[in-house]
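A short worksheet on the structure shown next.
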Amino acid sequence: MQYTPRYSSQLARFIDLLSFILTYPWITIASLTVANYLVLKPDQRSIKTKTLHYAIYGPLLLILCLVLVPFALLGYSLWILICALFSSDPYSLVSFSKSVKRQTQSDFTFATMNVVM
């Protein structure tokens with residue numbers, strides 16, 4: 001297996017990884033905060049569970065989200081910086097050098113036909 005990274009520069013790869021590490025926690029916590037209050041299907045939780053989620057978990061997630069905003073902004077700024085300063089390929093590439101032979105089966109039973117269908 002051979003990996004060809006998107007950026008040819010070691011510095012650009014490091015900044016890209018740092019940008020991801022800084023932005024990912026904020027994106028995850030923000031998504032959990034929104035999902036805590038915005039329910040898309042009929043809510044079948046008990047009143048006690050709803051109250052716990054709305055009164056305790058929601059504000060804690062929101063506070064944590066606000067604490068992580070400066071790190072996310074720094075991560076997005078680094079991402080804009082590497083997009084502006086470094087050249088990159090349109091994608092990363094993982095290639096397999098050895099060819100893998102596929103085994104074929106000539107006899108099919110009722111059970112294998114159900115899986116195939």
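Please read these numbers as outputs of a predicted model, since none were measured by experiment.
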If you compare all heavy atoms of [X] against all heavy atoms of [Y], which two are closest, and at what distance to 0.1 Å?
X     : Y     : value
Pro25 : Phe20 : CD-O, 4.5 Å
Leu61 : Ile29 : O-CG2, 3.5 Å
Thr49 : Ser46 : OG1-OG, 2.9 Å

If we only count heavy atoms from C-beta on, is the [X] to [Y] side-chain gap below 4.5 Å?
X     : Y     : value
Tyr37 : Tyr57 : no
Trp79 : Thr23 : no
Cys65 : Trp26 : yes
Ser92 : Tyr3  : yes

Would you say [atom1] of [X] has more than 12 non-hydrogen atoms from neighbouring residues, nucleotides or ligands within 6.0 angstrom?
X     : atom1 : answer
Tyr7  : OH    : yes
Tyr76 : OH    : yes
Tyr24 : OH    : no

Find the distance between [atom1] ([X]) and [atom2] ([Y]) and round it off to the nearest 0.5 Å.
X     : Y     : atom1 : atom2 : value
His53 : Lys48 : NE2   : NZ    : 11.5 Å
Ile27 : Leu68 : CD1   : CG    : 11.0 Å
Arg6  : Ser87 : CZ    : OG    : 11.0 Å
Phe86 : Ser8  : CZ    : OG    : 9.0 Å
Thr33 : Ile63 : OG1   : CD1   : 10.5 Å
Ile15 : Ser77 : CD1   : OG    : 12.0 Å

Could you state whether [X] and [Y] fall into the same hydrophobic cluster, counting links through intermediate Ile, Leu, Val, Met, Phe, Trp or Tyr residues with side-chain heavy atoms under 4.5 angstrom apart?
X     : Y     : answer
Leu85 : Leu11 : yes
Leu73 : Leu18 : yes
Leu66 : Leu60 : no
Leu64 : Val69 : yes

